[in-house]
Structures are given as C-alpha cells and as structure tokens.
Amino acid sequence: MKPNGFPKAEHLCLQRQIEALFAHPDGHATVWPLRCIWRKADEGCNKMLVSVAKRRLHHAVDRNHAKRQVREFYRLNKYLITSDADTSFPLHVGFVWLADRPIDSEKVEKSIVHLLEKCRNWKERISASENESLQEKQEL
C-alpha cells in the first residue's frame with residue numbers, strides 16, 4: 001500500500017459509524033474554514049469523512065472542489081496521526097466545511113495540518129493516560 005494513499009478502507013462510510021462520530025465525539029477543534037471532530041475507533045484503521053453542506057456552498061462545482069482539497073491535504077498529512085511506532089488506537093475523523101465561499105488551497109492545507117496536530121496531541125494524551133492506568137493495574 002502507498003504510504004500517502006487514501007484507499008477505500010480509510011473512507012468513513014458506514015452510517016452507524018458516522019452517526020456515532022457526530023452524536024458522541026471524543027474531541028473537536030475549529031480552524032477556519034474547517035471544523036474537525038474525532039472519535040476513538042474500536043478497531044481497524046484511521047478513517048476520514050468530509051462534509052460540505054449545500055447551504056454553505058451552493059454550487060456543486062465549489063462543493064466538489066472543497067471536498068477534493070480536504071481529501072488531498074488529509075492524504076498528504078495523515079502521517080501526523082499515524083506514526084510508525086503507533087501501537088495505540090485508530091481514529092474516526094470528520095471534517096466539516098464552514099466557509100460560505102471557496103478558500104485558497106494554502107489556507108485549507110494549513111488548517112488541516114493544524115487540526116491533525118490537535119488530534120494527534122489528544123491521541124497522545126489519551127494513550128499516555130491509558131498506559132499509566134495499565135501500569136497501575138499491573139502493580140496491584
């Protein structure tokens with residue numbers, strides 16, 4: 001598999017997983033023009049979803065362009081949440097477009113990188129706290 005690929009297995013498309021992501025997110029962050037929500041997944045690999053509302057971008061061409069931008073910059077920067085030594089849990093990540101107009105690619109890339117770094121920081125904090133609780137249980 002390509003290290004920078006975005007295969008179908010990484011697409012978040014099951015209705016129950018999408019509903020769980022939006023109903024009970026573990027974390028969220030907003031960096032204009034995107035909002036990112038994430039949830040700890042039970043198993044599998046990291047999965048991603050992009051949502052661009054028709055109410056925000058009225059023209060299909062603009063919606064498709066926005067989704068294409070988000071997918072591309074996620075694909076190029078997903079290494080931020082999946083490291084080689086990563087033995088922790090996978091995440092389900094959703095990106096929601098907030099802007100009412102198309103945005104330059106540079107701005108979109110910067111916001112995705114910033115959001116993925118926030119997601120990674122959260123993931124590292126959770127992994128550290130889980131490791132500490134496991135060590136405490138083993139000591140008892």
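Only a predicted model underlies this, so the values are computations on that prediction, with no experimental measurement involved. Residue numbers start at 1 and run along the sequence shown.
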**OP:** Give a yes or no on whether a salt bridge exists between Lys78 and Glu10, defined as a side-chain N under 4.0 angstrom from a carboxylate O.
**Re:** yes

Side chains of residues 60-67: which donor-acceptor pairs under 3.5 Å do they make with residues two or more places apart or in other chains?
| from | atom 1 | to | atom 2 | distance (Å) |
| --- | --- | --- | --- | --- |
| Arg63 | NH1 | Leu57 | O | 2.9 |
| Arg63 | NH1 | His58 | O | 3.0 |
| Asn64 | ND2 | Ala60 | O | 3.3 |
| His65 | NE2 | Gln69 | NE2 | 3.4 |

**OP:** Just jot down the side chain to side chain contact (heavy atoms under 4.5 Å, CB included) partners of Gln17, sequence neighbours excluded, or say none.
**Re:** Leu12, Leu14, Lys47, His92

**OP:** Apply side-chain contact (heavy atoms from CB on, under 4.5 Å) to the pair Ile126 and Phe89, showing each step before the final yes or no.
**Re:** CA-CA 10 Å; Ile126 295 298; Phe89 51 86; 3.6 Å; yes

**OP:** Compare every heavy atom of Ile81 with every heavy atom of Tyr74, then report the nearest pair and how far apart it is.
**Re:** OH-CD1, 4.1 Å

**OP:** Could you tell me which non-hydrogen atom of Ser105 sits nearest to which non-hydrogen atom of Phe73, and how far apart they are?
**Re:** O-CE1, 3.5 Å

Original post:
Shortest non-hydrogen contact from Leu115 to Phe95?
Top reply: CD1-CE2, 4.1 Å

When the side chains of residues 22-38 are checked against the rest of the protein, which donor-acceptor pairs come out under 3.5 Å, sequence neighbours left out?
| from | atom 1 | to | atom 2 | distance (Å) |
| --- | --- | --- | --- | --- |
| Asp26 | OD2 | Lys40 | N | 2.7 |

Subject >> Residues Glu19, Arg16: salt bridge by 4.0 Å N-O rule >> reply: no

Original post:
So how far is it from Lys107 NZ to Ile112 CD1, rounded to the nearest 0.5 Å?
Top reply: 12.0 Å

Original post:
Any donor and acceptor pair, going by atom type alone, linking the side chain of Trp122 with main-chain N or O of Glu124 inside 3.5 Å?
Top reply: no

Subject >> Point-to-point distance, once rounded to the nearest 0.5 Å, from CG of Leu91 to CG of Leu21 >> reply: 10.0 Å

